[in-house]
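Heads up, the thing below is written out as structure tokens.
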There are 2 protein chains.
Amino acid sequence: MIGSGIKRGTAELAVLSVLQDGPLHGYELARRIEQQTNGALRFTLAALYPMLYRLEQQRWIRGAWETSANGRRRRCYRLTPAGKKKLSPLQREWAELFRALQRLTKVAHA
Amino acid sequence: MIGSGIKRGTAELAVLSVLQDGPLHGYELARRIEQQTNGALRFTLAALYPMLYRLEQQRWIRGAWETSANGRRRRCYRLTPAGKKKLSPLQREWAELFRALQRLTKVAHA
DNA sequence: CCTTACATATAGGATTCTTATATATGCAAC
DNA sequence: GTTGCATATATAAGAATCCTATATGTAAGG
């Protein structure tokens, strides 16, 4: 059975997936998600930051303060080993949800 | 852009899709959803009833009391014309969300 | 100096789903 | 005959997730 958290957890999958490509800070993360989905998926920064804290508490990502070339301080997040391990079952759960919903709409159509 | 309600709205899509096949009461609705998804998607009745009220308030479904052959009273819900009209854009929104998440995970993998 | 882009943060609220609980009927088994 | 199970609806209390609005501050460009 699909876990109860999954249905609202689009953001979680999106963040972990993008971080798989390499460490990023919050502001850039939001832009990548929007770009890579052609604007279909978008998270406001106010929604993103609390989520990053949550993911960090769960040890799936780890944040570190860094100072960029232009002297701006920002918090750079990277996937932890636990986060990497979390990713594939999460993707499988999503795939299962998609199949389930497709079955529902198709059966209804028949 | 994908609407903000969609991400939590799996239940909404599931209920409307199943009702497309014909009127049903709540208890049977829950069973159909579970059966047709091979147990992957499941809603407890306590979650289902408040949702049915909400869908009824929005005029997408309409409930009517009936008495079955065995003398048990139950509330039978059917799709309204507005509900039918709602269904296809909702399915399109979901398809768009799926594509967006697939793009994210694939780009991250590349 | 004023605006825009960058960057993080918190408060307050809305929505949705869960667990737990309550009620009541019909039917079969013992 | 009463115990237990499947049927059937309902509400309350709470957790989780996301949104809007707001605040703060730096850097670059006009």
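Both backbone and side-chain heavy atoms feed into the values below; hydrogens, waters and symmetry mates do not. Sequence lines set the chain letters: A, B, ... in the order given, protein chains first and strands last, and positions in each chain run from 1.
Between A/Arg74 and A/Pro50, the residue whose closest nucleotide on DNA chain C is further toward the 5' end is A/Arg74. For the pair B/Glu28 and A/Gly9, nearest-nucleotide mapping onto DNA chain D gives the more 5' position to B/Glu28.
Within the nucleic acid shown, B/Thr10 comes within 4.0 Å of sugar-phosphate atoms alone, with no base atom in reach, counting heavy atoms only. A/Ala11 comes within 4.0 angstrom of sugar-phosphate atoms only, judged by non-hydrogen atoms across all strands, and of no base.
Contact between the side-chain N/O atoms of B/Arg54 and the OP1/OP2 oxygens of C/dT16 is found at a separation under 4.0 Å. When the side-chain nitrogen and oxygen atoms of A/Tyr49 are compared with OP1 and OP2 of C/dA9, none of them lie within a distance under 4.0 Å. Of the side-chain N and O atoms in A/Arg31, one or more sit less than 4.0 angstrom from OP1 or OP2 of C/dC6. Within the structure, a side-chain polar atom (N or O) of A/Arg72 is placed less than 4.0 Å from OP1 or OP2 of C/dA7.
Taking only side-chain atoms of B/Ala46, from C-beta outward, the nucleotide of C/dA9, D/dA8, C/dA20 with the closest atom is C/dA20. For A/Tyr53, the side-chain atoms get nearest to C/dT10 when compared with the rest of C/dT10, C/dC6, C/dT18. Of the listed nucleotides (D/dT7, C/dT10, C/dA7), C/dA7 has the atom at the smallest distance from the side chain of A/His25.
Straight-line distance from the CG atom of B/Leu45 to the P atom of C/dT23: 18 Å, rounded to whole Å. Regarding A/Tyr77, its OH atom lies at a distance of 8 Å from the P atom of C/dT8, rounded to whole Å. If you measure from atom CD of B/Gln58 to atom C1' of C/dA14, you get 14 Å, rounded to the nearest angstrom. Computed from coordinates, the B/Glu66 CD to D/dT7 P distance equals 16 Å when rounded to whole Å. As rounded to whole Å, 12 Å separates atom C1' of D/dC19 from atom CE of A/Met51. When rounded to the nearest whole Å, the span between CH2 of B/Trp65 and P of D/dA8 equals 12 Å. Rounded to whole Å, the distance from CZ on B/Phe43 to P on D/dA8 is 20 Å. Rounded to whole Å, atom C1' of D/dT7 lies 18 Å from atom CZ of B/Arg75.
In this structure, A/Ile33 CD1 and A/Phe43 CZ are separated by 6.0 Å, a value rounded to the nearest 0.5 Å. Taken to the nearest 0.5 Å, the NZ atom of B/Lys86 stands 11.5 Å off from the OG1 atom of B/Thr80. A/Glu28 contributes atom CD, which lies 4.5 Å from atom CZ of A/Arg31 (distance to the nearest 0.5 angstrom).
A distance-only check finds a donor-acceptor pair linking the side chain of A/Glu56 to the backbone of A/Gly63 [under 3.5 Å]. Side-chain atoms of B/Arg42 do not come within 3.5 Å of backbone N or O of B/Glu34 as any donor-acceptor pair.
A donor N or O paired with an acceptor N or O is found under 3.5 Å between the base of C/dT15 and the side-chain atoms of B/Arg8.
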